[in-house]
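Each remark here refers to the structure printed beneath this line.
Fair warning: this is a prediction, and the values are worked out from it, not measured in the lab.
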Amino acid sequence: MKKRVITGIILGIILVPLLLVDALFPLLQCVIMLFCIIATIEMIRMCEKTKPMSFPVKVMVIASTLLIYLGIVNEDPSCKQSLITKMMNHIDFQLSILTTLTLVCAIIFACQLFVKDFDAGDVGRCFMIILYISLGFSAITVLLFNGMRFIMYMVVVSLFTDIFALIFGIRFGKHKLCPSVSPKKTWEGAIGGTVCATIAGCLFAGFYDKFGHFFVPGAEPIKFFEGVFNYDKVPMAVMVILLILLTILISISSQIGDLVCSKFKRTYGIKDFSQVFPGHGGILDRFDSTLFACIVFLCFITIIRIALPLMGM
């Protein structure tokens, strides 16, 4: 426990300034890419519990993960000021997700012909690693550039989901949620966590313009969904419904993300993905629910941005 607390404090001292100080934002982007690489290595080592992976294939998987990550970030309109996009503009070269995904698919399928003992099962494992990590970390990056408030909101929803799922599970839990993956999780805990997280998340988002700027030095008061849709055109009832729906989805998807990683660990017989963070495990042990939830969050925002104008809002 002592080691866990010390590691948490050190992480907080390092990450909080990176999140809140604008001058350190380029460094934060580098840290995210580093986490992306480490998470990829963690999943490679996990898959090697059942079958070794040759060094060239490992390099290919890491490079492919980064390539798709860079393609998504470089192509997203909200990331025009990202370090990645600036570097691409500097060398007058642009990556697109379609190009990178096509290239990665071609390389992985070709490995069956040119790499010894590389079969269809290895193709599936490679795609699992590449897509899970690249989509998750690119979603985190895109949300950061849409607004730090979205990351703060994610933290609030995830924390309340975890804390109250535990409380309700201990107090009222009788029906197992997914006993083959996580024997201690119950439906009562999951529902209780989601209800409490929905209340907390909606309050955070609904009143963000009143207090949010206090958490970000130099920031002006801003409404939570500013830039996502036009507040003058969207009725209040629609905004409330969307916020409640989004928060419920985030809470549920964070729990699904946690179960997905638990299933990975049970399948491959590991306790933690690594020991990058002493007492906490690896990158994926800390970001298991976040990666899945961020993908859902980003998809939700994208759909809303497309749907509302079509509805005349």
Side-chain angles (χ1 to χ4, degrees), residues 4 35-66 68-69 101 104-105 107-109 111-112 115-140 158 161-162 165-166 169 173 175-187 189-190 193 250-296 299:
R4 186 180 180 88
F35 282 4
C36 182
I37 294 171
I38 295 173
T40 306
I41 295 172
E42 287 178 350
M43 288 205 75
I44 289 173
R45 288 180 176 174
M46 177 191 74
C47 290
E48 285 191 300
K49 293 294 182 180
T50 56
K51 182 181 178 180
M53 191 179 292
S54 66
F55 181 75
V57 173
K58 292 179 185 179
V59 173
M60 180 272 294
V61 170
I62 296 171
S64 296
T65 303
L66 271 179
I68 293 180
Y69 169 85
L101 188 57
V104 167
C105 287
I107 293 173
I108 292 176
F109 286 125
C111 283
Q112 294 181 96
V115 178
K116 186 179 179 181
D117 295 329
F118 192 95
D119 55 25
D122 296 308
V123 170
R125 282 186 284 272
C126 287
F127 275 123
M128 174 186 73
I129 296 170
I130 293 167
L131 294 179
Y132 182 67
I133 302 300
S134 63
L135 292 177
F137 279 96
S138 60
I140 291 175
S158 295
T161 298
D162 291 343
L166 178 61
H175 302 87
K176 299 298 182 181
L177 177 63
C178 195
S180 63
V181 176
S182 186
K184 294 183 179 180
K185 294 185 185 297
T186 63
W187 280 103
I250 295 301
S251 180
I252 292 173
S253 60
S254 69
Q255 294 181 72
I256 292 174
D258 184 35
L259 288 171
V260 167
C261 280
S262 294
K263 179 64 175 179
F264 283 152
K265 289 190 280 190
R266 280 189 174 272
T267 299
Y268 289 93
I270 59 175
K271 184 178 182 294
D272 294 316
F273 284 98
S274 73
Q275 289 300 320
V276 173
F277 304 132
H280 290 262
I283 297 293
L284 289 175
D285 292 296
R286 293 299 89 207
F287 287 86
D288 50 2
S289 58
T290 304
L291 292 179
F292 207 91
C294 280
I295 293 172
V296 173
C299 288

Given side chains that start at C-beta, do those of K263 and V181 come closer than 4.5 Å, heavy atoms only?
yes
Any side-chain heavy-atom pair from E48 and K58 closer than 4.5 angstrom?
yes
To the nearest 0.5 Å, tell me how far C178 SG sits from Q255 CD.
12.0 Å
For residues C261 and D288, report the shortest heavy-atom separation together with the two atoms involved.
SG-CB, 3.3 Å
Applying side chain to side chain donor-acceptor pair (under 3.5 Å), which residue pairs with at least one partner in residues 121-132 are found, sequence neighbours left out?
K51-D122, D122-R125
Counting C-beta onward and ignoring hydrogens, is there a side-chain heavy-atom pair between L101 and L131 closer than 4.5 Å?
yes
Working to the nearest 0.5 Å, report the span between CD1 of I130 and CD1 of I62.
10.5 Å
Please report the interatomic distance OG(S138) to CG(L66), rounded to the nearest 0.5 Å.
11.5 Å
Give the C-alpha distance, both sets of side-chain angles, the deciding distance and a yes or no for ring-ring contact (aromatic ring centres under 6.0 Å, His included) between F109 and F127.
CA-CA 10 Å; F109 286 125; F127 275 123; 5.7 Å; yes
Nearest heavy-atom contact between D285 and S274 is OD2-N, 3.8 Å
Go through it in stages, so that I can follow the logic: the residues are T161 and S251, the test is side chain to side chain donor-acceptor pair (under 3.5 Å), and I'd like the CA-CA distance, side-chain angles, deciding distance and then a yes or no.
CA-CA 6 Å; T161 298; S251 180; 2.8 Å; yes
Does P183 offer a backbone N or O that forms a donor-acceptor pair with the side chain of K176 under 3.5 Å?
yes
In terms of heavy-atom contacts, E42 and G282 come closest through OE2-CA, 3.1 Å
Quickly, which of V57, V123, V115 forms a side chain to side chain contact (heavy atoms under 4.5 Å, CB included) with I108? Name it, please.
V123
Nearest heavy-atom approach of M53 to I129 is CE-CD1, 4.5 Å
With rounding to the nearest 0.5 Å, note down the distance linking OG in S289 to CG in D258.
6.0 Å
How many angstroms lie between CD in Q112 and CZ in F118, if you round to the nearest 0.5 Å?
6.5 Å
Nearest heavy-atom pair of G136 and L291: which atoms, and what distance?
C-CD2, 3.6 Å
Are there over 12 heavy-atom neighbours, none belonging to R45, within less than 6.0 Å of that residue's CZ?
no
To the nearest 0.5 Å, tell me how far F277 CZ sits from D272 CG.
12.0 Å
Would you mind reporting whether M60 and C126 have side-chain heavy atoms less than 4.5 Å apart?
yes
Could you report the tightest heavy-atom contact between C36 and I133, atom names first, then the distance?
O-CG2, 3.5 Å
Side chains of S158 and S254: do they bring a donor and an acceptor to under 3.5 Å?
no
Mind checking whether F264 and M128 have side chains closer than 4.5 Å, heavy atoms only?
yes
For F35, all residues meeting ring-ring contact (aromatic ring centres under 6.0 Å, His included), sequence neighbours excluded
F287
